[in-house]
Amino acid sequence: MNLFADIHSLVIDALTQMQSEGTLPADLDFANVTVEPPRDALHGDMATNAAMVLAKAARMKPRDIADTLAIKLAADDRITSADVAGPGFLNLRLAPDVWLSVIPDAIKTGNDFGRSTMGGGKKVNVEYVSANPTGPLHVGHTRGAVFGDALASLLDFAGYNVTREYYINDGGAQVDVLARSAYLRYLEANGQEVQFVDGTYPGDYLVEVGEDLKAKYGDSLVGKPESEWLADLREFSTAAMMDLVRKDLASIGVKMDVFFSEKSLYGTGLIETALDNLDAKGLIYQGTLEPPKGKLPDDWEPREQTLFKSTEHGDDVDRPVKKSDGAWTYFAPDIAYHYDKIERGFDELIDILGADHGGYVKRMKAAVSALSDGKVPLDIKLTQLVRLYKNGEPFKMSKRAGTFITLHDLVKLVGADVTRFVMLTRKNDAPLDFDFDKVLDQSKDNPVFYVQYAYARINSVLRKANEAGIDVSETALIASDTSNLGHDAELAVARKIAEWPRLLELAAKHNEPHRIAFYLYELASEFHSLWNRGKDDPDLRFLQDDKIAVSQAKISLIRAVSVVISAGLGILGVTPMEEMR
RNA sequence: GCACCGAUAGCUCAGCUGGAUAGAGUACCUGACUACGAAUCAGGGGGCCAGGGGUUCGAAUCCCUUUCGGUGCACCA
C-alpha cells in the first residue's frame, strides 16, 4: 500500500476526466504531476503541483485548473478538503482513517512493508568494491562496500533483479608485485633475512601466505629464478588475498553474488570480440594522441597506438586500448568485462568507484554506450574520501608508521552496524568525516543510537504490555480498532509511516540509500516526540489501564513504527536492537 | 591548462531532480524524570544557500562565469 501513489492516481484520473469533459486540452503530459507531503504541515496532508505544471501547456491560469480539480478531488471519500493556495498549489487533507489504515497494513506486511514493483524485475548489475587483490581492504573500500551493498538491497526492495558483483583485477602487473612480495615472505619463512625494496608490499598480512607457501613447497623454491615460481605464486597469493577480502566483506555483512576475474578474460577471445564490436562501428583506429595541455610529462613522445574513439560518445579525448608494444592496456579488459555484462543481459549497470577513479567515468560510459548502442545505461557512483578523526584531530594514515586503518580495524573498533549506518548517513558524492570518538559515543550526538533507541523503546513497551496481560500478538494488533487513535500527535506518526513506500521509491530512483537513513531518523524523532507527550497527557500513553482495546490500538501504531525501522535498517544492513541496556 | 565532485546556521549535514516563510543535529540559553527506558522531549536565538550574471509565474536546486577546497589527468592498474 502506498497512499501517495493512490492519491497520485486519483489526481491523474481527475485530470483525465477533465480532459474528456473538455475542461483541459487533450494533449497533455502528466509526467511531471507530483503528489508529495507539503513542506509545512499546516498547509495540509498532501499537495499536488498539477495546476502549475500543466498551466503553460494548457494555456490556462493555474488557479483555474486548480479550482476545478479541487472540486473533483473533494468528491472522493478519502479527501476531506482540497484548497487552492499560493501560486496554484492544491492542498489536500485526508480523512484520519485513511492514514490509520496504514497501521494494520504495515504490521501484516512486516519487513516487506514498502516493497515496490517499480523496478519491474529489470536486471541490474551493481559492481562495487572491486579492490585489487593485493592486500586487506581499507577505509575507502569500506565506504564503497557499504554504499554498494545498501544500494543493491535498496534496488532489490524496489523490485529490481539485482546482481552484486566484484571485479577482481588479477591480470595486471600489480599481481606480479604481489607474487614477488609473497616470495620474500616465503624466503623469510625458510629462515632467510629479506629486504623489502621499493615496489614490493611490506605488509605483514603476507607473513601467513609465506608460511603457507612453505607448507606447500618446503624449500624447493628457495634460490630458484623467478621464471620457475612467478606464475604459481601469482595464483596462490591472489587466491589468498581474495580469501582475505571475502572475510573482510563478510565481517561487514557484504556478500557478493559474482566474483569476476579479469584474468579469466585472457585467452578466451572476449577482449578481441568486444573490440571487434567497437571496430565494426568504426570506433577503433590507429593514431597518435595529442600531448596533454598544461604540464607536459618529462618523457612525453608521440606514439602510435590503437585507440578507441570515445569522443564519439561524450569523452574528452580518445583512449588507448593497446600499448605501443601491442599489449592491451588496462582499459581493454575493462571494456571486455562491461561487454560481458551487457551480453549477460543486464538492463542497467551501476559501478561504484572511489573518487580517485573519477577520470574513468566518461571513458567507461562511452564504452558501454558504444557497445550497447545506447541501450544499456551505465550509472557510475563515486564515493568520496573518508577523512578519519580521533579526538577531533585529523588522523593521518601511513603504512610505514603502522597507522593504516583497515576495514578489519574499523569493524573491531566500532562494529559493523555503526560503521554501516554512519557511512550511509551521507551522500556518496560528499566527503565523509569519520570520528572514532563520536561514532562510539552512545548519545543523541549519534544518529545510530537514536534510531536504535526508538526501536528498543518500542520493544520495551511490547514487553510491558505482555506482562500486563494485553494480547500484543500480530493478529491481535492487526485486528485492533484504530479508530481509538486520532490525536494529532498520533496521526503525525501514522503520516510518517505512510511516507515510507514513497520515500523508498524515490531513494531507489535516484540511487541514494542515504535518504533511508535520514528518513529513519525523522521517523524515530516522531516516535520519541509522541512518547514524551504521554508524560503531560496521560491519554497519549501507550498502555491505558483497563482499556485493553485502546492500548492495543496505540501499541499497533508503535508496532508499525518498529516494522518500518526494521525494514529500513534491513536495507542499510544494520541489525535492529531489541534491547540496549 | 583540462575534466569530475564539493561550497547551505559557529560546527557536522539534509533539502524529496524547479515550488509556499530554506530544515535537522550539535553548540549556546530556558524548561520536563514519585507510571510505558531522560541514550528522550518541549521552547528560544542563530542564514547574502561562496560571489556575480542568466533562464521563468517561481531558483539553494537548471545554464554561464569567478573564487576557494578535494580528486584525477598520455602505454601504470
Side-chain angles (χ1 to χ4, degrees), chain A residues 32 34 36-40 43 47 49 52-53 55-56 61-62 85-89 91 132 169 171-175 262 288-297 299-303 305 315-317 319-320 322-325 327-331 333-334 354-362 382 384-385 425-427 429-431 433 435 438 441-447 449-450 452-454 456-457 460-465 468 499 502-503 506-507 509-510 512 514-515 518-519 521-522 525 528-536 538 541-545 551 554-555 579-581:
Chain A
N32 290 323
T34 63
E36 53 193 59
R39 180 173 298 178
D40 190 335
H43 292 136
N49 62 355
M52 288 180 292
V53 172
K56 201 171 194 176
K61 286 183 189 155
F89 279 104
N91 290 323
N132 285 345
N169 281 109
Q174 78 280 5
V175 184
E262 175 195 353
T288 309
L289 287 173
E290 295 283 314
K293 297 200 171 62
K295 60 160 195 188
L296 192 66
D299 58 344
W300 193 89
E301 54 182 42
R303 266 192 289 256
Q305 301 175 268
D315 201 356
D316 304 312
V317 290
R319 305 291 177 178
K322 273 188 183 177
K323 303 177 197 173
S324 49
D325 66 5
W328 299 118
T329 64
Y330 69 90
F331 188 37
D334 274 359
D356 53 341
H357 289 67
Y360 308 143
V361 173
K362 284 189 180 180
L382 298 177
Q384 291 294 324
L385 296 188
T425 315
R426 198 109 325 167
K427 283 184 298 201
D429 48 10
D433 289 342
D435 190 315
K438 261 192 193 155
D441 185 20
Q442 305 202 351
S443 76
K444 54 189 165 186
D445 198 8
N446 191 338
F449 287 93
Y450 188 81
Q452 294 276 31
Y453 181 42
R457 259 183 160 178
S460 173
V461 176
L462 286 166
R463 282 193 300 270
K464 277 276 192 299
E499 274 180 43
R502 172 177 179 273
L503 179 115
L506 281 170
K509 186 175 160 196
H510 297 291
E512 291 183 342
H514 77 272
R515 296 192 192 200
F518 282 94
Y519 167 82
Y521 188 90
E522 290 165 14
S525 175
H528 286 310
S529 176
L530 178 61
W531 176 293
N532 277 73
R533 292 192 62 165
K535 289 182 174 172
D536 297 330
R541 287 174 193 160
F542 306 126
L543 302 180
Q544 300 283 329
D545 292 339
S551 298
K554 289 179 185 295
I555 292 166
E579 246 182 303
M580 299 176 69
R581 306 252 185 205

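Below, chain A is the first sequence line, B the second, and so on; all start at residue 1. Values below: all heavy atoms of this structure, side chains included; hydrogens, waters and symmetry mates excluded.
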Closest to the His510(A) side chain, choosing from rU71(B), rC41(B), rU17(B): rU17(B)
Nucleotide forming a Watson-Crick or wobble pair with rG25(B), both distances under 3.5 Å: rC11(B)
Arg39(A) CZ to rG18(B) C1', straight-line distance once rounded to whole Å: 11 Å
Mate of rC41(B) where both pairing distances stay under 3.5 Å, Watson-Crick or G-U: rG31(B)
Distance below 4.0 Å between Ser460(A) side-chain N/O and rG37(B) OP1 or OP2: yes
His43(A)-rA20(B) aromatic stacking (under 5.5 Å, under 30°): yes
Closest to side chain of Arg457(A), choosing from rU40(B), rC36(B), rU12(B): rU40(B)
Among rA14(B), rA20(B), rC57(B), the one nearest Arg426(A) by side-chain distance: rA14(B)
Proximity to the side chain of Glu579(A) - top-ranked nucleotide from rG37(B), rC13(B), rA20(B): rG37(B)
Test: Lys322(A) cationic atom under 6.0 Å from Trp328(A) six-membered ring centre, within 45° of axis: yes
Results of ring-ring contact (aromatic ring centres under 6.0 Å, His included) for His43(A) - residues two or more places apart only: none
Sugar-phosphate, base or nothing in reach of Lys509(A), heavy atoms under 4.0 Å: nothing
